[in-house]
A.B. asks: 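Input: one structure, supplied below.
Values reported hereafter were calculated over all heavy atoms of this structure, with side chains retained and with hydrogens, waters and symmetry mates removed. Chain letters run A, B, ... following the sequence lines, proteins first and then strands; every chain starts at 1.
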There are 2 protein chains.
Amino acid sequence: MDISPSNACPIAPVVDIVFSRWTTPILWALNQYGRQRFVELERRIATITPKVLTQRLRQLERDGLVLRTYYPEVPPRVEYEISELGRSLGPLFAALAEWSPNLDTVEQARRSYDVRERSGGRST
Amino acid sequence: MDISPSNACPIAPVVDIVFSRWTTPILWALNQYGRQRFVELERRIATITPKVLTQRLRQLERDGLVLRTYYPEVPPRVEYEISELGRSLGPLFAALAEWSPNLDTVEQARRSYDVRERSGGRST
DNA sequence: CGGTATCCCTGCTGATACTG
DNA sequence: CAGTATCAGCAGGGATACCG
């Protein structure tokens, strides 16, 4: 939360909601593989802990991006799915994916920066 | 860094680079108001401290998203500007901006969630 | 299964002071 | 001006254990 102060730029609030920690893989998994249970998400994301997964799912549910359905069976069952509002993020995610080829450029920039810095390239 | 593990979804690395803390307002300011000095950025973002601003600018410079120019004058002058790679984020930022009307829906979702929770709506 | 509760610990942040 | 250095404080995340 409050990842980037809104006074600085108008898109900061959107970033706070959509790109706060763990939300991207969660929304992606729900969008990609559809409605699924808690454990499925847990296994798919792998490095997330149940506590944090719960926190993030609650947050996403509160923001209306994710729908939670509870089945009072034994053993209990809960299913999560992306909401319509969540699906409206599609174009945004597509824009992300379209930019990803530039990751190579970033990698290259990092390497040459590191070389420059190692040899004391900075003037100040 | 490592805001969202890449094993979970392919767009996570992009998010790590572009939407890590403070990078959005910085890139936005540089993109919106053009080439400017350290203090200008500092004043524009207001709540950022010089230490953190320096950190983030270095990171963005290393990633090739921002260009730094040092003028060895007295007093010294440094100017920052967005790189071509940084400008290539334009469509992404536009997609963000296009989604921002949905913030109202999020706000509404939060309110009704909070009402539901206050009255003990959750079954589990 | 689908979570909570607990503790710990890292990393970000803020404040302050100092320098070329 | 444009930083760097240092220290303290704290929220959030990870690991582990437990519960309906």
A.B. asks: Answer yes when A/Glu107 and A/Arg110 have at least one side-chain N-carboxylate O distance shorter than 4.0 Å, and no when they do not.
C.D. replies: yes

A.B. asks: Does B/Arg77 make a cation-pi contact with B/Tyr70, if we ask for NZ or CZ under 6.0 Å from the ring centre and within 45° of the axis?
C.D. replies: no

A.B. asks: Hey, could you give me the CZ/OG1 distance between B/Arg21 and B/Thr23, rounded to the nearest 0.5 Å?
C.D. replies: 10.5 Å

A.B. asks: Tell me the interatomic distance from A/Phe38, atom CZ, to C/dC1, atom C1', rounded to whole angstroms.
C.D. replies: 10 Å

A.B. asks: Quick one: is the NZ or CZ of A/Arg35 closer than 6.0 Å to the six-membered ring centre of A/Tyr80, and within 45° of its axis?
C.D. replies: no

A.B. asks: Do A/Val78 and A/Arg37 have side chains that approach each other closer than 4.5 Å (heavy atoms only, starting at C-beta)?
C.D. replies: no

A.B. asks: Five pairs at each end of the helix from C/dC1-D/dG20 to C/dG20-D/dC1: take the axis at both ends and give me the angle between them to 10°.
C.D. replies: 50°

A.B. asks: What is the per-nucleotide protein-contact pattern of nucleotides 14-20 of chain C, from the 5' end, where B denotes a base atom under 4.0 Å from a protein heavy atom, S denotes such proximity for sugar-phosphate atoms only, and - denotes neither?
C.D. replies: BB----B

A.B. asks: Do you know which two heavy atoms are closest between A/Ala95 and B/Ala95, and how far apart they sit?
C.D. replies: CB-CB, 4.2 Å

A.B. asks: For B/Leu53 and C/dC12, give me the distance from atom CG to atom P, rounded to whole Å.
C.D. replies: 16 Å

A.B. asks: Rounded to whole angstrom units, what separation is found between the CD atom of B/Gln59 and the C1' atom of C/dG11?
C.D. replies: 14 Å

A.B. asks: Could you give the distance from OG1 (B/Thr24) to CG (A/Asp16), rounded to the nearest 0.5 Å?
C.D. replies: 8.5 Å

A.B. asks: Can you tell me if A/Gln55 touches the phosphate of D/dG12, counting only side-chain N or O atoms and a distance under 4.0 Å to OP1 or OP2?
C.D. replies: no

A.B. asks: Which nucleotide, D/dG3, C/dC1, C/dG3, lies nearest any side-chain atom of A/Val78?
C.D. replies: C/dG3

A.B. asks: Is there a donor-acceptor pair under 3.5 Å between the side chain of B/Asn102 and the backbone N or O of B/Trp99?
C.D. replies: yes

A.B. asks: Please report, rounded to the nearest Å, how far the C1' atom of D/dG3 is from the OH atom of B/Tyr71.
C.D. replies: 17 Å

A.B. asks: Does B/Arg37 place a side-chain N or O at less than 4.0 Å from the phosphate oxygens OP1/OP2 of D/dA2?
C.D. replies: yes

A.B. asks: Can you see whether A/Ser20 engages A/Gln59 through a side-chain donor-acceptor pair at a distance of less than 3.5 angstrom?
C.D. replies: yes

A.B. asks: Between C/dG3 atom C1' and A/Arg56 atom CZ, what is the distance in whole Å?
C.D. replies: 16 Å

A.B. asks: Just the rounded figure in Å: distance from C1' of D/dC1 to CD of B/Glu73.
C.D. replies: 11 Å

A.B. asks: Think A/Arg68 has a side-chain N or O under 4.0 angstrom from the OP1 or OP2 of C/dG3?
C.D. replies: yes

A.B. asks: Rounded to whole Å, please give me the gap between CG in A/Asp16 and P in D/dG12.
C.D. replies: 13 Å

A.B. asks: Strictly below 4.0 Å: does B/Arg58 bring a side-chain N or O up to OP1 or OP2 of D/dT4?
C.D. replies: yes

A.B. asks: To the nearest Å, give me how far apart CZ (A/Arg44) and P (C/dG2) are.
C.D. replies: 13 Å

A.B. asks: Under 4.0 Å, counting only non-hydrogen atoms across every strand here, what does B/Tyr80 touch: a base, just sugar-phosphate, or nothing?
C.D. replies: sugar-phosphate

